[in-house]
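Remember, it's 1-based here, ligands and their atoms both numbered in the order they're listed. Nothing here was measured: the structure is a model prediction, and the numbers come from that model. Residue numbers run from 1 in the order of the sequence given.
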Amino acid sequence: MKDTLSIALTKGRILADTLPLLKAAGIVPAEDATKTRKLQVDTNQEGTKLLLVRASDVPAYVEYGGADVGVTGKDVLLEHTGDRIYEPLDLGLGRCQLVLAGKPGANPDAAGRLRVATKYPEVTRRFFAGRGKQVEVIKLYGSMELAPLTGMADLIVDIVETGSTLKANGLVVLEPIAEVSARLIVNRASMKMKHRKIHKLVDQLKIALGKK
Ligand code: PRP
């Protein structure tokens, strides 16, 4: 098994940008990974395969050894509470911001218990705990912008890329929380057991990114 390498990737926006990087690192899928219904795709390198998983599942695959390495957003990593993962490289893809947003003039420090709707409950609790405030977190899976509009929540914690979704819904950024981009993550045991192979991948990705 020492010679195998499995790489967990996410279907969707980041995949299209990650594939050219992998190609520059010498790894080319045996079929179109953006189109196939297969969840496991072989590559031109014997023993190296791609696993196509949900973005929020990439840290679990890497932490529990389902994959040796993975590519996922910093937002997903901040939400993941496990710590058995290395994060050796910022791939600089899919840049966006994690922010606190709400209606113009909404006050995150207002007295009383605020309700915050988000896909990121851990990040949200940590952010407010950092300023000594407890909030009621409503976990949602998408379209967070609706929560303040319907009065269900006072604020949201969400990803902003161009800002057009917030704008179209009459919301504004109240505070930035974190800069987000896609990261390469590595299983701790794999880092030791497959050191040469993983080191080579990281090096080739760095060269492709102009970081080396
Ligand atoms: C994300 C995010 C915002 C939007 C931000 O949603 O949750 O709604 O993109 O992008 P913008 O600043 O460029 O408008 P996504 O499209 O991933 O769908 P979701 O609501 O189902 O998460």
**Q** Protein heavy-atom contact under 4.0 Å for atom 1 (C) of ligand 1?
**A** no

**Q** Could you list which atoms of ligand 1 come closer than 4.0 Å to a heavy atom of Arg13?
**A** 16 (O), 17 (O)

**Q** Considering the heavy atoms of Thr162, write down every atom of ligand 1 situated less than 4.0 Å from one of them.
**A** 11 (P), 12 (O), 13 (O), 14 (O)

**Q** So which heavy atom in the protein is nearest atom 21 (O) of ligand 1, and how far is it from that ligand atom?
**A** Gly142 CA, 3.9 Å

**Q** Run through Thr43, Val71, Leu50, Leu15 and flag the one making a side-chain contact (heavy atoms from CB on, under 4.5 Å) with Leu22.
**A** Leu50

**Q** With a 4.0 Å cut-off on heavy atoms, is Lys119 in contact with ligand 1?
**A** yes

**Q** Any heavy-atom pair between the side chains of Ile7 and Thr48 that's under 4.5 Å?
**A** yes

**Q** Please list, in number order, the atoms of ligand 1 under 4.0 Å from a heavy atom of Thr165.
**A** 4 (C), 5 (C), 8 (O), 10 (O), 11 (P), 14 (O)

**Q** Search all heavy atoms of Leu184 against all heavy atoms of Pro88 and return the closest pair with its distance.
**A** O-CD, 3.0 Å

**Q** Could you tell me, atom by atom, which parts of ligand 1 come under 4.0 Å of a heavy atom of Ile159?
**A** 2 (C), 3 (C), 5 (C)

**Q** What do you reckon, is NZ of Lys49 surrounded by more than 12 foreign heavy atoms closer than 6.0 Å?
**A** no

**Q** Is atom 13 (O) of ligand 1 near the protein, in the sense that some protein heavy atom lies at less than 4.0 Å from it?
**A** yes

**Q** So, for Asp57 and Val53, which heavy atoms are closest and what is the spacing to 0.1 Å?
**A** C-CG2, 4.4 Å

**Q** Any protein heavy atom under 4.0 Å from atom 18 (O) of ligand 1?
**A** no

**Q** Does the distance from a Lys or Arg side-chain N to an Asp or Glu carboxylate O, for Glu79 and Arg125, drop under 4.0 Å?
**A** no

**Q** Could you tell me whether a side-chain N or O of Asn187 sits under 3.5 Å from a main-chain N or O of Val62, the two making a donor and an acceptor?
**A** yes

**Q** Could you tell me, atom by atom, which parts of ligand 1 come under 4.0 Å of a heavy atom of Glu145?
**A** 3 (C), 8 (O)

**Q** Side chain or backbone, does Gly163 bring an N or O within less than 3.5 Å of an N or O on ligand 1?
**A** yes

**Q** Looking at Asp158, which atoms of ligand 1 are within less than 4.0 Å of one of its heavy atoms?
**A** 2 (C), 3 (C), 7 (O), 8 (O)

**Q** Polar contacts were defined as any N/O atom of the residue lying under 3.5 Å from an N/O atom of the ligand; does this apply to Glu161 and ligand 1?
**A** yes

**Q** If you count the atoms of ligand 1 from 1 in the order shown, which ones are under 4.0 Å from a heavy atom of Ser143?
**A** 20 (O)

**Q** Less than 4.0 Å between a side-chain N and a carboxylate O, is that true for Lys197 and Asp3?
**A** no

**Q** Using a strict cut-off of 4.0 Å, indicate which atoms of ligand 1 neighbour a heavy atom of Val160.
**A** 12 (O)

**Q** Any side-chain to backbone donor/acceptor pair from Asp17 onto Leu93? Under 3.5 Å, distance only.
**A** no

**Q** Is the shortest side-chain N to carboxylate O distance from Asp109 to Lys133 below 4.0 Å?
**A** no

